[in-house]
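So the structure is just underneath, and the comments pick up after that.
Each chain gets a letter, A, B and so on, in the order its sequence line appears, and its residues count up from 1. Values below: every heavy atom of this structure, side chains too, minus hydrogens, waters and symmetry copies. These numbers were taken from a predicted model, which means no experiment stands behind them.
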Protein chains: 2
Amino acid sequence: MPGQYSTLRAQRRAETQRAIQAHAIRLFTERGYDATTVTDVAEAAGVSPMTVYRHFPTKEDLVLLDQHGALVAERIAASPDVQPLVRRIGRALIESATTLTGGDDLAAGREFLLARLRLMISTPALRAKHLDNHYALQRSIVDALGVDAADPDTVLRIQAAASACLATLHTALVCWAEDDGRGQLPDMIAKALAAAFGEDATDPHG
Amino acid sequence: MPGQYSTLRAQRRAETQRAIQAHAIRLFTERGYDATTVTDVAEAAGVSPMTVYRHFPTKEDLVLLDQHGALVAERIAASPDVQPLVRRIGRALIESATTLTGGDDLAAGREFLLARLRLMISTPALRAKHLDNHYALQRSIVDALGVDAADPDTVLRIQAAASACLATLHTALVCWAEDDGRGQLPDMIAKALAAAFGEDATDPHG
DNA sequence: AACACGTTGGTAGTCACTACCATATTGGTA
DNA sequence: TACCAATATGGTAGTGACTACCAACGTGTT
């Protein structure tokens, strides 16, 4: 929230935030999400429960992914609009996944991502909110595609394509996590898209 | 939960349950979901808060749809398995929607359904849990399709198709509700499926 | 040195939800 | 008809997430 005019302040804040989240994921994985209270997390991180809420608005936000949404919307807006909708969205999803998993410096980042994914998949509350985040992402994708919203049929068409693509992405994430991240996530997404929409609609060489 | 060996008992129970839910939807619509406490609902229905929890495990269950899942799974299992996956699932969704909206005797039932849908769409907590219900429905659809689960690629293919179809269904529900239920829901679903997967994949005359 | 600001901690409260126990009414039975 | 089991409901007390409101302390700027 607050504007950081100081680097030292921002660094400290970022560090406590990182520590809180790291301890949270560890405890959630060890004892389970529901069996771990926010107070437990705060004690483990050496702060008060209030500080946890200052950095993460809800307990769920300790686990959920954050940057992914903006990444996808950017790529959508930057893509040429001559391709069919599904291919355009699908490519943005694949490229974003490449940035996410490949851009992370080392294996530790991937393990952290995997741990969060596993929690999201197995905990109903987390899974629900994560799916709702995808719904919000769907809205921003539709916005990024630049709809005039004059014709309700056009809106329905775009909304349907976007939601179907995102659901497929979620399925690919689940399968990737259940495979313990052995395969390549972008490949997984491409395969899932091809399965849902047909090979031709998502052919990377098209 | 309990087995109803008596009709009179079951009738009374069903009646209080119906009353609780009706008052809940009314209050949620009037004051907003978050601004209405379970105690408010209980008082309006003339029961104690505990009775509300006996009939509806969570506050969210006062709004969410229930029977839909079983309906879809049945139709999936009953459909011939020669068609492509997306068409098979899509048809089951359309037919279930026909049963839901057409089977309801009169307009009052449709208005009630619309009110619940509007709440589900506009309230984040409800929307999230509803989307998670769709995820559970996805699982039962995959089960109903009878997968041997030997090949992970096959599983991914079916999961992807099912999740994409259900996301499209959700989009159609939203569009239908935003249009105040003026159009026909099954048509809306068919249109959304065609937009996402192409006309040929869902052609009802195929 | 003084001042504004941002980070943290404390307290008290609301609300969803869960045991655990008591009570009354209903349905079938001796 | 009297009795008993099942069931629907109510009460109380408690947990845990989350939210004000206020106090204290450190940091960066003037």
query = When the distance from CZ of Phe56(B) to P of dT9(D) is rounded to whole Å, what number comes out?
reply = 11 Å
query = Between Asp40(A) and Thr37(A), does any side-chain donor sit less than 3.5 Å from a side-chain acceptor?
reply = yes
request  = Report yes if a donor N or O on one partner sits less than 3.5 Å from an acceptor N or O on the other, where the partners are the side chain of Arg54(A) and the base of dG6(C); otherwise report no.
outcome  = no
request  = For Pro57(B), answer base if it contacts any base atom (sugar-phosphate contacts may also be present), sugar-phosphate if it contacts only those atoms, and nothing otherwise; contact means non-hydrogen atoms under 4.0 Å.
outcome  = sugar-phosphate
ask   = How long is the line joining CD of Gln11(B) and C1' of dA8(D), in whole Å?
value = 15 Å
remark   = So CG of Leu93(B) and CD1 of Ile76(B): to nearest 0.5 Å the spacing works out to 6.5 Å
query = Could you give the OH-to-P distance, from Tyr53(B) to dT15(D), as a whole number of Å?
reply = 17 Å
query = For Arg88(B) and Ser79(B), does a side-chain donor sit closer than 3.5 Å to a side-chain acceptor?
reply = yes
inquiry  = From C-beta outward on Ser48(B), which listed nucleotide comes closest to its side chain: dG9(C), dG10(D), dC18(D)?
reply    = dG10(D)
inquiry  = Applying a 4.0 Å non-hydrogen cut-off, can you work out what Thr39(A) is touching in the nucleic acid: base, sugar-phosphate, or nothing?
reply    = nothing
query = Whole-Å distance between dA16(C) C1' and Met50(B) CE?
reply = 13 Å
request  = Please round to the nearest 0.5 Å and tell me the distance separating atom CD1 of Ile25(A) and atom CD1 of Ile20(A).
outcome  = 12.0 Å
note = Here the distance between atom P of dC25(D) and atom CZ of Arg13(A), to the nearest Å, is 21 Å
remark   = Whole-Å distance, Lys129(B) NZ to dC17(C) C1', equals 11 Å
query = Atom CG of Asp34(B) to atom P of dT14(C): distance rounded to whole Å?
reply = 18 Å
note = The answer to which of Glu60(B) and Thr16(A) contacts DNA chain C further toward the 5' end, by nearest nucleotide, is Thr16(A)
query = What is the distance from NE2 of His55(B) to P of dC17(C), rounded to the nearest Å?
reply = 16 Å
